[in-house]
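Fair warning: this is a prediction, and the values are worked out from it, not measured in the lab.
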There are 2 protein chains.
Amino acid sequence: MEPSAPPLHRRIRATIEARILSGEWPPGTRIPAETELAASYGCARMTVNKALTELAADGLIERRRKAGSVVKRPVLQSAVLEIHDIRAEVEAAGFAYRYEILKRSTRQANRGDCARLQLDKPVPVLAISSLHLAADRPFCLEDRLISLHAVPQGEAENFAVLSPGAWLIGQVPWSQAEHRISAVAADAGMAALGMPMGTPCLAVERRTWNADHPVTHVRLIYPGEAHALVARFAPSKAG
Amino acid sequence: MEPSAPPLHRRIRATIEARILSGEWPPGTRIPAETELAASYGCARMTVNKALTELAADGLIERRRKAGSVVKRPVLQSAVLEIHDIRAEVEAAGFAYRYEILKRSTRQANRGDCARLQLDKPVPVLAISSLHLAADRPFCLEDRLISLHAVPQGEAENFAVLSPGAWLIGQVPWSQAEHRISAVAADAGMAALGMPMGTPCLAVERRTWNADHPVTHVRLIYPGEAHALVARFAPSKAG
DNA sequence: TAGTGGTCTAGACCACGCA
DNA sequence: GCGTGGTCTAGACCACTAG
């Protein structure tokens, strides 16, 4: 059986995208108007419109009334990295995944907690340290703070089945997040990772809000040069 | 003057998005069929379709024929980080930007070069080391390899006006890229950054292809804990 | 002011995938 | 089967903006 042809709007999109990526239509080139393209493809304008709208959403072209659609200059270094779920990451690499809760406490947010969650005034918080292991070897150290104001059910949860991160997804939606990636030197608090002090580690911090309300702050420490965040991608999202 | 109302498909999208993010429609909830929504909004199905198609593209809902549209479990840990142009990054922080070319050479790709560019067989390459400075202080060390097979005009370029990265954008489009972020210890090769050996540094590596053809490999070293990659975002791209 | 994209309609047929 | 989304049409009017 022949594989059925992809939809027309997708073929139109692919054709134009190929011309841009090949350099045939360099940045600044004006793309034929929707009506012209519709005529040349022998289809309705709406079909062409869908293709061009997607290209614009992907940042390959810029569209303006009257001026028409022009090929955009690539935004250069602006690119995208996906940060995966730890369990999925470990299992995708072919290792057995396991985690341990190292420490757990409930308290009224202190000064440092307020800074981590960017709280205006103290609320009850749940602090959890856990260790993620790949094939029983330390993979990542997690230090998490959860606002019990946003997630009161956290107080009764023991995280026996799901790690704090995985559990939290099912509890509360998030409307905004902030990531921060940096390099730090291993200190005494990272002894669980079993590395000499001073070893470079990758630190990934994430803050999450739901409707302007702080939900959680997590700091993930990946040991040394052994780990890297990797992403492979094309300039168009939907490609 | 009243601000003119946003288009109908956008209002429909916003309404549904709000219900999902507020938790009113938790993951797994089935969204009314397009025909039902069209009836309740008193509009054509195409209009509802556009709204739902965008929500699906943003990963908020999942659509299947016959089964209908259901609210997706947020992928949480999967998130997005933008890596900005260095010059823009420095200037956005309010510092004067400057760069220096430290070293430059042309050669037939050696074993290490082939690995960096993922070349099958050696091609002529251009190797450039440069230092990016913010307010005359070292900000980032760049070590770049450019395939002269993909960008022959690089041989004659002196990079006096544009840094190698900025210059390269204008020369050749890219169809795919790979990023790798890790933590490394400062070594002798990073002396230009003026840091003690062993200091943790953030290393960002990027490989770029054009139509399966290697274009460049760059390694950016940011000194110590002073620098971090930060991104703030909402779950929906178009929000 | 005229050309262009932005939006919307009221239909249509088809493909998929649960029942 | 048959309900659902996927796609497409052949129009239409409007909003913006470059010339």
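Of the residues in residues 63-71 of chain A, those placing a heavy atom less than 4.0 Å from an atom of DNA chain D are A/Arg64, A/Arg65, A/Lys66, A/Ala67, in numerical order. Residues from residues 36-51 of chain B with heavy atoms under 4.0 angstrom of DNA chain C, sorted by number: B/Cys43, B/Ala44, B/Arg45, B/Met46, B/Thr47, B/Lys50.
Remark: C1' of D/dT7 and CD of A/Glu54 are 12 Å apart, rounded to the nearest angstrom. Separating the CZ atom of A/Arg10 from the C1' atom of C/dA15 is a distance of 15 Å, rounded to the nearest angstrom. Put simply, CZ on B/Arg11 is 12 Å from C1' on C/dC8, counting in whole angstrom units. When the C1' atom of D/dT7 is taken as reference, atom CD1 of A/Ile12 falls 12 Å away, rounded to whole Å. Rounded to a whole Å, the CG atom of A/Leu52 is 13 Å from the P atom of C/dT7. D/dG5 atom C1' lies 11 Å from atom CZ of B/Arg30, rounded to whole Å. As rounded to whole Å, 11 Å separates atom P of C/dT7 from atom CD of A/Glu34.
At least one side-chain heavy atom of A/Ile12 sits less than 4.5 Å from a side-chain heavy atom of A/Tyr41. Between B/Met46 and A/Met46 there is a side-chain heavy-atom pair separated by less than 4.5 Å.
Nearest approach of B/Leu52 to B/Ile61, heavy atoms of both residues: O-CD1, 3.6 Å.
Of the residues listed (A/Leu60, A/Thr29, A/Leu55), the one engaging A/Val71 in a side-chain contact (heavy atoms from CB on, under 4.5 Å) is A/Thr29, and it is the only one.
Aromatic ring orientation, A/Phe159 versus A/Trp167: perpendicular (interplanar angle above 60°, classes split at 30° and 60°).
With salt bridges taken as basic N to acidic carboxylate O contacts below 4.0 Å, none links B/Glu205 and B/Arg207. Classification of B/Arg19 and B/Glu24 as a salt-bridged pair holds, one side-chain N sitting under 4.0 Å from a carboxylate O.
Here the CZ atom belonging to B/Arg63 is positioned 13.0 Å from the NZ atom belonging to B/Lys72, to the nearest 0.5 angstrom.
A side-chain donor-acceptor contact under 3.5 Å links B/Arg144 and B/Thr216.
C/dT7 is paired with D/dA12 under the Watson-Crick or G-U wobble criterion, all donor-acceptor distances under 3.5 Å.
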